[in-house]
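A note on names: the letters A, B, ... follow the listed sequences, proteins ahead of strands, and every chain is numbered from 1. Note that this is a predicted model, so its numbers are computed, not measured. What's counted below: heavy atoms across the whole structure, side chains too, no hydrogens, waters or symmetry copies.
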Number of protein chains: 2
Amino acid sequence: MSGRTVTIAQVAKHAGVAVSTVSYVLSGKRTISADTRRRVLDSISALGYHPNAGARALASKRSNVIALVLPLRAGMHVPVLMRFASAVVTAARRFDHDVLLLTADEGTEGIRRVAASALVDALVLMDVELDDRRVPLLRELAEPSVLIGFPAEPAGLTCVDLDFAAAGARCVEHLAERGHEEIALLGAPSVVYDRGTGFATRTRDGFVEAVGDHGLKGVALPCEETFDEVYETVRDLFLDHPGLSGLVVHNEAAVSHVLSALRQLGRRVPHDVAVVAICPDDVAERAGPPLTSVLIPAEEVGREAVRLVMEKLEGRTVPDSTLLTPLLAVRAST
Amino acid sequence: MSGRTVTIAQVAKHAGVAVSTVSYVLSGKRTISADTRRRVLDSISALGYHPNAGARALASKRSNVIALVLPLRAGMHVPVLMRFASAVVTAARRFDHDVLLLTADEGTEGIRRVAASALVDALVLMDVELDDRRVPLLRELAEPSVLIGFPAEPAGLTCVDLDFAAAGARCVEHLAERGHEEIALLGAPSVVYDRGTGFATRTRDGFVEAVGDHGLKGVALPCEETFDEVYETVRDLFLDHPGLSGLVVHNEAAVSHVLSALRQLGRRVPHDVAVVAICPDDVAERAGPPLTSVLIPAEEVGREAVRLVMEKLEGRTVPDSTLLTPLLAVRAST
DNA sequence: GCCGGTCGTCGAAGCGCTTCGACACTCTCA
DNA sequence: TGAGAGTGTCGAAGCGCTTCGACGACCGGC
């Protein structure tokens, strides 16, 4: 089709118009007659023209690329991350943007680099910690950014996340409706709480508050991720709380271990103990038995983050904080 | 530090040299006196200069970005993917390149777009299928590419992967050494075999051949990923093969279900049945009991893919096929 | 003391695109 | 009928960088 890289000049020549006319056809920034437009578009597809990204970025000061900063760190819910990433890429494409992948271990320097070099127009950061080194940098950057998750001091930033407090509360509410009076939350590994990652803490707080509101007895524990540790945690839990009949699990890696442990301890789900998970749908569905769960709406969060960052790129103001309402899907475990 | 975007001209002025001199200091393509170099570098850091990526790409015809094409499709081993992605990003940075993330569901059009627009210099594709639509496109592209995985017809392409046939064989060998005479392979869900994904098939072939070589009895089955299906598969397996004492599991999502099923069937690991997994280390370590496993060397594969693609960018020729030797780590399950 | 050969630096010509101002038309309405 | 207001298109000026050819300055060898 092409003899190595077609330029806008060749398109213009082929269509018998000026270079600028082709550019305006593509951008729609000036009115072009229907006839001219058609000729130009025909030439574009006849020649197989694709605008050179570098030239476009240089002239327009827009690269049409956004950065996605992922944690890729121990203790993370990796499959969830992947879904976020996927959602962000898909959503970005709808706004005609591509996604540059940065790992957090490049640290703030990577962010500064891609921003200062105009490689990206905007940033989306995932797995933000309560006290995140990247946050001060974002404030001083000219490029708009959106965080997935909440730092301790979110003023002046744009943050999106599942409303984890509501998710914790929703699980409690569900168990209360089912008549359970003594329940427990098995959460993230303790290192995640120590690091001050928001979502774990917020789920716990929501859980604890809802337990009070419903007049239940409840306990919240961190939960490691090896089978043996999970087994011990679950065993001890029932030793300490013999009346326990409901369990909320907010730890994707531990979910199947918890179920195995219950089986081994001779506690049937849902007959002896009801289990609600906060995890991606596919994990809940694959479990035995399939789990009632609050799904983590990765796609929705990713899409929303991109929408917000695009709004900001357009210069519009957006809400500082967007919390997505948790949805509970009832399955065989409660 | 800066009053909005520093250009090379400002650096040149600050250092009292020509623009081209600054460029040569940065690229090292011409000799520069130590003294001049120092002054230029000082000015660069004093002004906080970062070269504009678009301008650089336009002038040099190199964007210093490589595309990473991920599957993000049902039935994939997502955490493994993430490690590949992470490894690719880290390795690319060492070559001073960034990584643009493409999802396979954009299809060939996305690949064509980023290549034709010179957004990327090269491509790394993951999870290549035996009959992959993207492969013909890669052959006609001017940009170099490397595949992680093997298509049916790899001639003229550069492919990297774990040697899954050897991995399957290695597991058999290990079980044979331990004195097991009748063993089974639980593999990927049948949809993965149907799709013709190479790694599943190659593991199975390696397994089957090694079973013959060692004079064992062996059977290879696909394995779905819900607990109930896994349970049935495992139960029926032992009904059909009462003498079975060794199991190879090549399905990350099913690993913990298999162990639960064995527990429920009253078969102790490793006493009654030995289990070897082909999966990432952390999954094997977290299982109960920790599993002897052939690890999937995601980091190494990713690093190697990047190294190869950089070699090709430099115009050097590289081997068509790179197979990484599997390593078996013995843990408590055999 | 002159010639050829580095060495270190400079100026200028692009790279392919967007965008601004200009200009030739065609309408509209006083 | 002519001023004013659009329309549709063009040419040219950059955007910030790399790279090519040129050119002094300095070197050693004869």
Query raised in the report: Does some side-chain heavy atom of A:Ile66 sit less than 4.5 Å from a side-chain heavy atom of A:Val120?
Result: no

Requested in this report: Could you note down all residue pairs passing salt bridge (charged side-chain N to carboxylate O under 4.0 Å, His left out) where residues 33-53 of chain A supplies at least one of them, sequence neighbours left out?
Outcome: A:Arg38-A:Asp42

Report task. Specify the separation, in whole Å, of atom CD1 of A:Ile32 and atom C1' of D:dC10. Result -> 10 Å

Query raised in the report: For B:Arg39 and C:dG8, what is the distance between atoms CZ and C1' respectively, to the nearest whole Å?
Result: 12 Å

Query - Under the side chain to side chain donor-acceptor pair (under 3.5 Å) test, residues paired with A:Asp161 that sit two or more places apart - result: A:Arg202

**Report entry** Donor + acceptor pair across side chains of B:Ser20, B:Ser23 (<3.5 Å)
**Finding:** no

Query raised in the report: How far does the helix from C:dG1-D:dC30 to C:dA30-D:dT1 bend, going by the axes of its first and last five pairs, to the nearest 10°?
Result: 40°

**Report entry** Test salt bridge (charged side-chain N to carboxylate O under 4.0 Å, His left out) applied to A:Glu106 - qualifying residues, sequence neighbours left out
**Finding:** A:Arg113, B:Arg93

**Report entry** Rounded interatomic separation in angstrom, taking CD from B:Gln10 and P from D:dC15
**Finding:** 11 Å

Query raised in the report: Who passes side chain to side chain donor-acceptor pair (under 3.5 Å) against A:Glu140, sequence neighbours left out?
Result: A:Arg112

Query raised in the report: Rounded to the nearest Å, what distance is computed from the CG atom of residue B:Asp35 to the P atom of nucleotide C:dG8?
Result: 11 Å

Query raised in the report: Got a sec: does the NZ of A:Lys13 have more than 12 other heavy atoms crowding it under 6.0 Å?
Result: no

Query - B:Arg38 CZ to C:dG8 C1', straight-line distance once rounded to whole Å - result: 18 Å

Query raised in the report: Under a 4.0 Å N-O cut-off, is there an ion pair linking A:Arg303 with A:Glu300?
Result: no

**Report entry** Protein-nucleotide distance (B:Asn64, atom CG; C:dC15, atom P), rounded to Å
**Finding:** 20 Å

Please write out the pairs of protein N or O atoms and N or O atoms of nucleotides 17-20 of chain C separated by less than 3.5 Å, giving the distance to one decimal.
| residue | atom | partner | partner atom | Å |
| --- | --- | --- | --- | --- |
| C:dC17 | OP1 | A:Tyr49 | OH | 2.5 |
| C:dC17 | OP1 | A:Asn52 | N | 3.2 |
| C:dC17 | OP2 | A:Ile8 | N | 2.3 |
| C:dT18 | OP2 | A:Ser23 | OG | 2.8 |
| C:dT19 | OP1 | A:Lys29 | NZ | 3.3 |
| C:dT19 | OP2 | A:Lys29 | NZ | 3.1 |
| C:dC20 | N4 | A:Tyr24 | OH | 2.6 |

